[in-house]
Amino acid sequence: MCTIVHISGRRLLERAEALAVHSELAGGLTRTSLSREYRGAADLVLEWMREAGMAARLDAIGNVLGRYEASTPGAPCLLLGSHLDTVRNAGKYDGMLGVLSGIECARALNAAGKRLPFALEVVGFCDEEGVRFGATLLGSRAVAGTFDPALLEAKDSAGVTLAQALREFGLDPARVGEAARKRAEVLAYAELHIEQGPVLEAEALAVGVVTAINGFTRMAVTLEGSAGHAGTVPMNLRRDALAAAAECALAVERIGSSEPGLVATVGRMEVLPGAINVVPGEARFTIDVRAPADAQRLRAVQSIRAGIAAICARRNVAARIEELQQQGVAACAPWLVEQMAAALQAEGLRDFRLPSGAGHDGQAIQAIAGIGMLFIRCEKGISHNPAEAITAADAEAGARVLLRFIEAFEPKR
Ligand code: GLV
Ligand code: MN
Ligand code: MN
């Protein structure tokens, strides 16, 4: 009946490698939601779930879902998981490790012939990163029942709407609502994820317990100046949209650096018409602002808006700022934090707690269940980068803590 001996860090890393083969980027990893490559990864995950003794399927938005049945069939579940989509030129573990660890725990229970009083469900969310359609947490919002149907009209860079992508994937956009789970079906949500920061490494720890996930605001900005001949328009008569955007990006950096905890990023910029001999007439860029306190983030967003307005007024450039998405701080449920800390100690590890600067699916799932997270050390804290690296020993330590947490799990009364 010993379950823990069945956990293998090496298998977790091998499976992360196997998933990384399903990539839109030759020689690197990019996998956006509902793509052909996403289907390839999903099929592999479905196969591993079934091999682990789970009933597995795709849900109505394309999340992969596996269920390891409870001792009493039909009982509510402890939901584990993370996402299967990636950023562009991504690492192999952001998201995937949480899905693989959940399957590893179900596999260990199955190998030991052990059933729990609750079901174990593992989900691989189809879109957490928001790379393809610009809006994040699509899969987890559908499960939480907070998916906004207006997003079905959101387009990817090729002009394909989310509704079309769902149809091409074999799903019916009118039925996305069927992915929603009821509160009574989900006892809690627990996600294992790489830290994506340097704190655990600095503490010489393999695993930590997350206390809260920072909130975010995402914006799209369009600046309109005037395109003109690069050889003939005098410098003092220009309305250069790129020069204005560059100054705005520096203002975003300055505001993001102005207070501890706050971060602000211009991650993408396009310049039109984009020719060597044309003064840029239009510039489009994105802004991502995060903070551990909502009031701090909202203040920063106000300063950024005012900064952009002042820069553009001075340069006689028109600015349009669209707020794409915002999400408040998501606190991990204290009762789950305590149970995870106890699991850490049961593994002989130090009880160490830290906040998450990165966003996670729990931000959406908190609408229907308490959320808890475990972080695993990653090398130099590097993530959203192909250099993302973890060790098999750390992956194994994390999955062992997760399994101990699962086996001792007490639902909130
Ligand atoms: C997801 O990784 C995010 O924090 O943007
Ligand atoms: Mn990510
Ligand atoms: Mn992630």
Side-chain angles (χ1 to χ4, degrees), residues 12 16 19-20 23 25 28-33 38 41 45 63-64 80-102 122-141 189-197 199-200 208 210 212-220 256 261-268 286-292 297 324-330 332 354-366 371-378 381-390 395 398:
L12 289 167
L19 283 176
S23 171
L25 176 71
L29 174 57
T30 299
R31 188 169 56 242
T32 58
S33 58
Y38 175 77
V45 170
N63 297 320
V64 186
L80 309 176
S82 193
H83 56 99
L84 291 171
D85 68 319
T86 74
V87 292
R88 296 195 194 287
N89 205 14
K92 301 184 182 105
Y93 309 103
D94 172 5
M96 280 67 78
L97 189 67
V99 182
L100 296 174
S101 303
V122 179
V123 58
F125 291 112
C126 66
D127 191 327
E128 185 267 0
E129 302 283 8
V131 168
R132 182 165 177 190
F133 297 102
T136 62
L137 303 172
L138 297 182
S140 43
R141 282 185 204 277
Y189 174 69
E191 174 166 349
L192 178 150
H193 202 284
I194 56 166
E195 182 203 335
Q196 306 182 277
V199 176
L200 290 173
V210 179
I213 307 171
N214 288 358
F216 68 82
T217 300
R218 287 183 166 193
M219 294 179 278
L262 183 66
V263 288
T265 308
V266 173
R268 181 172 176 170
T286 58
I287 306 177
D288 177 311
V289 184
R290 315 220 188 179
R297 173 174 49 86
L324 297 174
Q325 225 176 1
Q326 71 153 320
Q327 177 77 47
V329 172
C332 291
L354 70 171
S356 172
H360 298 289
D361 289 295
Q363 287 171 293
I365 299 298
Q366 64 167 347
I371 61 165
M373 288 194 78
L374 290 171
F375 269 175
I376 306 305
R377 165 171 56 193
C378 61
I382 294 172
S383 183
H384 282 188
N385 185 317
E388 196 175 272
I390 60 170

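As the structure lists them, so they are numbered: ligands from 1, and atoms in each ligand from 1.
- When the heavy atoms of Glu129, Gln196, His193, Arg290 are ranked by distance to atom 2 (O) of ligand 1, first place goes to Glu129.
- Close contacts between ligand 1 and Arg218 involve ligand atoms 5 (O) [criterion: under 4.0 Å to a heavy atom].
- Of all heavy-atom pairs between Tyr189 and Asp361, the closest is OH-CB, 3.8 Å.
- Rounding to the nearest 0.5 angstrom, the gap separating the OG atom in Ser101 from the CD1 atom in Ile376 is 6.5 Å.
- With a 4.0 Å cut-off on non-hydrogen atoms, His384 touches ligand 1 through its side chain and not its backbone.
- Taking 2.8 Å as the threshold, Glu128 does not count as a candidate ligand of the Mn ion (ligand 3), since none of its N, O or S atoms lies below it.
- Counting just the N/O/S atoms of His193, the one with the shortest distance to the Mn ion (ligand 3) is named NE2.
- Put simply, His83 gets within reach of the Mn ion (ligand 3), with an N, O or S atom under 2.8 Å from it.
- Using modelled atom types, one finds a donor on one side chain and an acceptor on the other under 3.5 Å when comparing Asp94 with His193.
- Side-chain contact between Thr217 and Arg297 is present, with at least one heavy-atom pair separated by less than 4.5 Å.
- Taking every heavy atom of both residues into account, Val329 and Pro292 meet most closely at CG2-O, 3.3 Å.
- Between Leu262 and Val289, the closest side-chain pair of non-hydrogen atoms falls below 4.5 Å.
- The atom of Asp94 that is an N, O or S and sits closest to the Mn ion (ligand 2) is OD2.
- The distance from ligand 1 to the heavy atoms of Gly359 drops below 4.0 Å at these ligand atoms: 1 (C), 3 (C), 4 (O).
- When each atom of ligand 1 is checked for a heavy atom of Ala358 under 4.0 Å away, the hits are 4 (O).
- For ligand 1, the polar-atom distance check finds no N/O of Asp288 at less than 3.5 Å from any of the ligand's N/O atoms.
- Taking CD of Gln366 as the reference point, atom SG of Cys332 lies at 9.0 Å (rounded to 0.5 Å).
- As for Glu129, its N/O/S atom nearest the Mn ion (ligand 2) is the one called OE2.
- Here the shortest heavy-atom pairing between Leu29 and Gly91 reads CD2-O, 3.2 Å.
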